[in-house]
Each structure stands twice: as structure tokens, then as C-alpha cells.
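Data block below; observations after.
Numbering of ligands and ligand atoms starts at 1, following listing order. Since we're looking at a predicted model, the values are computed, not measured. Basis for what follows: all heavy atoms, side chains included, without hydrogens, waters or symmetry-related copies.
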Amino acid sequence: MDISFAGKRALVTGAGKGIGRDTALALARCGAKVTAVTRTQADLNSLVQECASITPVCVDLADWGATEAALQDVGPIDLLVNNAACASLQPFLEVTPDQFDQSFNLNVKAVLHVSQIVARGMKARGSGGSIVNVSSQASQCALRDHTVYCASKGALDMLTKVMALELGPDQIRVNSVNPTVVMTDMGRLGWSDPEKAKTMLSRIPLGRFAEVEDVVNTILFLLSDKSNMTNGVTLLVDGGFLAC
Ligand code: NDP
């Protein structure tokens with residue numbers, strides 16, 4: 001399936017590493033004018049070196065005021081990927097207010113904020129658009145030591161659905177992708193212990209973790225007009241983990 005984003009403007013958060021970085025590069029390869037947002041300047045420098053057409057924006061998305069300022073001149077956006085997130089792992093009884101606030105600030109509140117900024121422009125232009133939130137299988141399945149992460153991704157799934165409901169009449173589609181483990185920096189944090197990995201792998205019918213490319217391809221599909229009638233879904237990229 002050929003997908004072209006020629007003439008489209010895309011914004012990807014958390015584009016410095018992992019899934020976000022490869023999504024930004026894939027969108028640029030498909031012809032989109034990409035704005036890459038992340039908080040580490042060195043990652044943006046290497047991204048622009050790899051793909052000169054990408055516009056870098058360096059900001060900590062957990063900071064509401066800084067985000068407002070950083071995105072005010074970003075211009076019209078047709079495609080948004082809310083990908084930046086953090087995972088802080090600890091047993092339920094040891095979760096602290098700070099860990100909770102940091103995760104919800106980035107994994108939920110920043111998604112709401114960036115989406116408001118972008119969707120206001122889409123609505124004002126009457127041009128429609130597509131938003132993809134990067135959620136997780138953890139939104140729908142309890143994982144040990146993942147209290148805050150699971151809760152934040154569960155909240156993100158509902159945010160996705162309400163956004164789909166309210167923005168749909170303006171032809172702005174909102175969906176999420178919900179991957180299983182991907183061996184990025186974040187994936188390694190939770191799953192590099194071979195015993196833990198074995199337990200998770202044994203519950204995935206396809207018998208492997210997802211590759212970054214598996215997730216990127218699904219994001220591209222949801223952003224594209226190949227999914228024109230798809231709105232408000234949480235699309236699993238989990239090899240069947242949640243089916244059994
Ligand atoms: P990585 O940790 O590899 O990359 C995350 C990116 O987000 C980094 O560039 C990071 O920058 C950036 N980022 C983090 N915090 C902020 C912030 N406050 N402001 C701006 N940018 C920030 O993560 P993945 O690629 O693995 O994850 C991407 C998405 O996929 C996330 O939403 C995650 O929850 C989801 N996901 C991941 C899975 C996995 O196993 N990897 C499984 C299921 C879902 P920096 O490095 O500078 O902090």
C-alpha cells in the first residue's frame with residue numbers, strides 16, 4: 001500500500017529517539033513537512049543531520065507554559081503524532097505523588113495540550129486532520145510494577161475517544177496505536193531481564209516483541225486517508241497478546 005503525505009504538515013512529539021524518531025523520518029520520506037518535538041537538543045541535531053527538511057523544536061512537554069511558547073509559531077499542522085511518554089516502574093505500594101504527577105503530566109496532560117493547540121488550528125482552517133496518540137497494551141492489561149504507566153495509558157485511551165467524539169464533526173480523526181513491548185530505551189527499561197521477557201513473550205501468540213517499524217507502519221496507516229472512516233479506535237499492535 002503506497003501512502004503519500006505530499007503537501008501535508010506533520011508534528012511528532014518525542015521525536016528524538018525510538019518510535020517517535022522513526023515516525024518523523026518515515027513521514028518525511030513519504031513527503032510530509034515534519035516538525036519534530038523533543039527535549040534533548042543533541043537528538044534534534046542528529047535528526048536534522050539525518051533529514052535536513054525536518055524542523056526541530058526543543059521543549060519539555062511536561063511544562064505547560066514552555067510548550068505553549070514553543071508551539072505558538074509552529075504553523076498549520078495536518079497530522080499530529082502524540083508519542084512522547086515516560087515509564088516509571090515501581091510496586092503499587094511504593095508509588096509516590098511525584099512519580100504519578102510526572103507521568104500524568106507528560107503521558108496525558110501534554111497530549112491534551114498539544115492536541116488542543118493543533119486541533120484549534122485544524123478547526124479554524126476547516127481543513128480536517130488526523131491525530132494518532134501512542135498508547136500501549138498496558139492501557140488494557142494490568143502489568144506488575146506498571147501502576148502509573150498503565151493508569152496513564154488507560155486515561156490516554158479515553159482521551160482519544162472523547163477527542164474523536166468532539167473533533168469528528170470537524171473531520172479531525174483521532175485514534176491510538178497500542179503496541180506490545182518494543183525494544184527501545186523505554187522497552188529495555190522494563191523488559192531487558194530475560195526472565196521477565198520470557199514471561200511476556202510466552203503470552204504473545206506471534207512469539208516476538210514488536211519492531212519499531214511495526215508501530216510506525218500502523219501510525220502511518222492511521223494518519224493517512226487509507227483509514228478515512230476509522231475514528232476513536234485503540235488499535236493493538238501486540239501480536240495477539242490481548243486476544244488471549
Ligand atoms: P523512548 O524512551 O525510546 O523515546 C521517547 C522519546 O520521548 C525520547 O525522544 C524522549 O526524549 C522524548 N521525551 C520524553 N519525555 C519528554 C518530555 N518531557 N518532553 C519532550 N520529549 C520527551 O520511548 P519509545 O519510543 O519506546 O516510546 C514511544 C511511545 O511508545 C511512548 O508513548 C510509549 O509509552 C509507547 N510505547 C512504548 C513501548 C515500548 O515497549 N517501548 C510499548 C508500548 C507503547 P529524551 O530521551 O530526551 O527524554
Salt-bridge test for D170 and K123: reply yes if a basic N is under 4.0 Å from a carboxylate O, no otherwise.
-> yes
For the pair R188 (side chain) and M183 (backbone), establish whether a donor and an acceptor sit closer than 3.5 Å, ignoring hydrogens and angles.
-> yes
Does the D214 side chain pair with the main chain of E211, one donor and one acceptor, at a distance under 3.5 Å?
->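 Between the backbone of E211 and the side chain of D214 there is a qualifying donor-acceptor contact (under 3.5 Å).
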Between the side chains of [X] and [Y], does any donor sit under 3.5 Å from an acceptor?
X: T180; Y: D238; answer: no
X: Q49; Y: N45; answer: no
X: S227; Y: R173; answer: yes
X: S176; Y: N178; answer: yes
X: K33; Y: T55; answer: yes

Taking 4.0 angstrom as the limit and counting only heavy atoms of [X], give me the atoms of ligand 1 inside it, by number and element.
X: T184; result: 3 (O), 24 (P), 25 (O), 26 (O), 41 (N)
X: V181; result: 40 (O)
X: G187; result: 40 (O), 41 (N)
X: V59; result: 19 (N), 20 (C)
X: D185; result: 3 (O)
X: G14; result: 6 (C), 7 (O), 9 (O), 12 (C)
X: D60; result: 17 (C), 18 (N), 19 (N)
X: G16; result: 9 (O)

Hey, is ligand 1 close enough to [X] that some N/O pair sits below 3.5 Å?
X: T40; answer: yes
X: L106; answer: no
X: N83; answer: yes
X: S136; answer: no

Using a 4.0 Å heavy-atom threshold (strictly under), name the region of K153 that reaches ligand 1: side chain, backbone, both or neither.
->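 The answer is the side chain.
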Which part of Y149 is near ligand 1, with near meaning a heavy atom under 4.0 Å away: side chain, backbone, both or neither?
->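 Answer for Y149: side chain.
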So how far is it from [X] [atom1] to [Y] [atom2], rounded to the nearest 0.5 Å?
X: T234; Y: D157; atom1: OG1; atom2: CG; result: 5.0 Å
X: L27; Y: I54; atom1: CG; atom2: CD1; result: 9.0 Å
X: S127; Y: I172; atom1: OG; atom2: CD1; result: 7.5 Å

Per [atom], closest listed option by heavy atom ([options]):
atom: atom 44 (C) of ligand 1; options: A62, S135, A36; value: S135
atom: atom 10 (C) of ligand 1; options: N82, T38, N133; value: T38
atom: atom 42 (C) of ligand 1; options: T180, V37, L189, V182; value: T180

Answer with yes or no whether C86 contacts ligand 1, where contact means a heavy atom under 4.0 Å from a ligand atom.
-> no
If you measure from each heavy atom of V215 to ligand 1, is any distance below 4.0 Å?
->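 It does not, in that no heavy atom of V215 comes within the 4.0 Å cut-off of ligand 1.
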What's the verdict on side-chain contact (heavy atoms from CB on, under 4.5 Å) for I19 and I219, showing C-alpha distance, side-chain angles and the deciding distance?
-> CA-CA 10 Å; I19 294 165; I219 294 171; 4.1 Å; yes
